[in-house]
Amino acid sequence: RYPDPDVKVNDTVRVDVTSGKMLDHVKFEAGNSVMVGSGNNMGRVGIIQHRERHPGSFEIVHIKDAIGHTFATRLQNVFVIGKGSK
């Protein structure tokens, strides 16, 4: 099988476990909901504000949570869980 050409690096893919088919995907872009999976902010959920690109070093993602606190973490610690604020 060939991957969907719309799915890029850091996007999240929803898969139907019984059939193994892809249901849909969510892009890694500003405004989408994310969850921090590792690091000091592990378990926190928020919305992507912006992404700092640092070629040759760690990329940083700035996130704002439901309370209004803004924090930053490395790109590899974050994964998208929904479109928009849902």
Side-chain angles (χ1 to χ4, degrees):
R1 292 198 228 186
Y2 296 100
D4 188 338
D6 294 334
V7 178
K8 304 295 183 201
V9 176
N10 298 321
D11 291 351
T12 298
V13 177
R14 281 188 44 212
V15 177
D16 183 14
V17 179
T18 57
S19 67
K21 303 259 187 214
M22 183 179 98
L23 298 174
D24 65 341
H25 69 281
V26 182
K27 294 256 180 223
F28 189 91
E29 57 190 16
N32 285 345
S33 299
V34 294
M35 183 170 199
V36 181
S38 59
N40 288 336
N41 293 309
M42 184 169 44
R44 292 180 78 175
V45 176
I47 298 175
I48 300 174
Q49 297 298 307
H50 68 279
R51 171 181 174 178
E52 291 179 14
R53 296 178 190 263
H54 299 282
S57 184
F58 298 109
E59 294 189 15
I60 305 296
V61 179
H62 292 267
I63 303 167
K64 186 173 190 176
D65 62 8
I67 303 171
H69 296 133
T70 303
F71 61 97
T73 188
R74 291 181 180 175
L75 175 65
Q76 66 258 24
N77 295 342
V78 177
F79 62 95
V80 181
I81 58 173
K83 294 179 183 175
S85 59
K86 298 180 182 179

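Each residue takes its place number in the sequence, starting with 1.
In terms of hydrophobic clustering, with Ile, Leu, Val, Met, Phe, Trp and Tyr side chains grouped at heavy-atom distances under 4.5 Å, Val34 and Leu75 are assigned to a common cluster. Side-chain heavy atoms closer than 4.5 Å link hydrophobic residues (I, L, V, M, F, W, Y) into clusters, and following such links, even through other members, never connects Val78 to Ile60.
A donor-acceptor distance shorter than 3.5 angstrom exists from the side chain of Lys27 to the backbone of Asp6, with no hydrogens or angles considered. Although no hydrogens or angles enter the test, the distance criterion places no donor-acceptor pair under 3.5 Å between the side chain of Ser33 and the main chain of Ile47.
Under the salt bridge (Lys or Arg N to Asp or Glu O under 4.0 Å) criterion, Asp24 pairs with Arg14, not counting sequence neighbours. Judged as a side-chain hydrogen bond (donor to acceptor under 3.5 Å, both in side chains), and not counting sequence neighbours, Ser57 has no contacts. Considering only residues two or more places apart in sequence or on other chains, Val15 meets the side-chain contact (heavy atoms from CB on, under 4.5 Å) condition with Val13. Scored by the salt bridge (Lys or Arg N to Asp or Glu O under 4.0 Å) test, Lys64 finds no partners at all (sequence neighbours excluded). Shown here are the side-chain hydrogen bond (donor to acceptor under 3.5 Å, both in side chains) partners of Asn40, two or more places apart in sequence or in another chain: there are none. Every residue two or more places apart in sequence or in another chain that forms a side-chain contact (heavy atoms from CB on, under 4.5 Å) with Val26 is listed here: Asn32, Val80, Lys83.
Applying the ring-ring contact (aromatic ring centres under 6.0 Å, His included) test to every pair with at least one member in residues 4-32, sequence neighbours left out, gives no pairs at all. Listed by first and then second residue, the side-chain hydrogen bond (donor to acceptor under 3.5 Å, both in side chains) pairs that reach into residues 66-75 are Thr73-Asn77, sequence neighbours excluded. Applying the salt bridge (charged side-chain N to carboxylate O under 4.0 Å, His left out) test to every pair with at least one member in residues 45-61, sequence neighbours left out, gives these pairs: Arg51-Glu59. For residues 33-48, every residue pair satisfying the salt bridge (charged side-chain N to carboxylate O under 4.0 Å, His left out) rule, not counting sequence neighbours, is listed here: Arg44-Asp65. Within the structure, the ring-ring contact (aromatic ring centres under 6.0 Å, His included) test picks out the following pairs touching residues 29-55 (sequence neighbours left out): His50-His62.
Distance check, rounded to the nearest 0.5 Å: CD1 of Ile48 to CD1 of Ile63 gives 6.5 Å. Atoms CG and CD, from Asn10 and Gln76 in turn, are 9.5 Å apart once rounded to the nearest 0.5 Å.
Taking a 4.5 Å side-chain heavy-atom cut-off between Ile, Leu, Val, Met, Phe, Trp and Tyr, the cluster of Leu23 contains only that residue.
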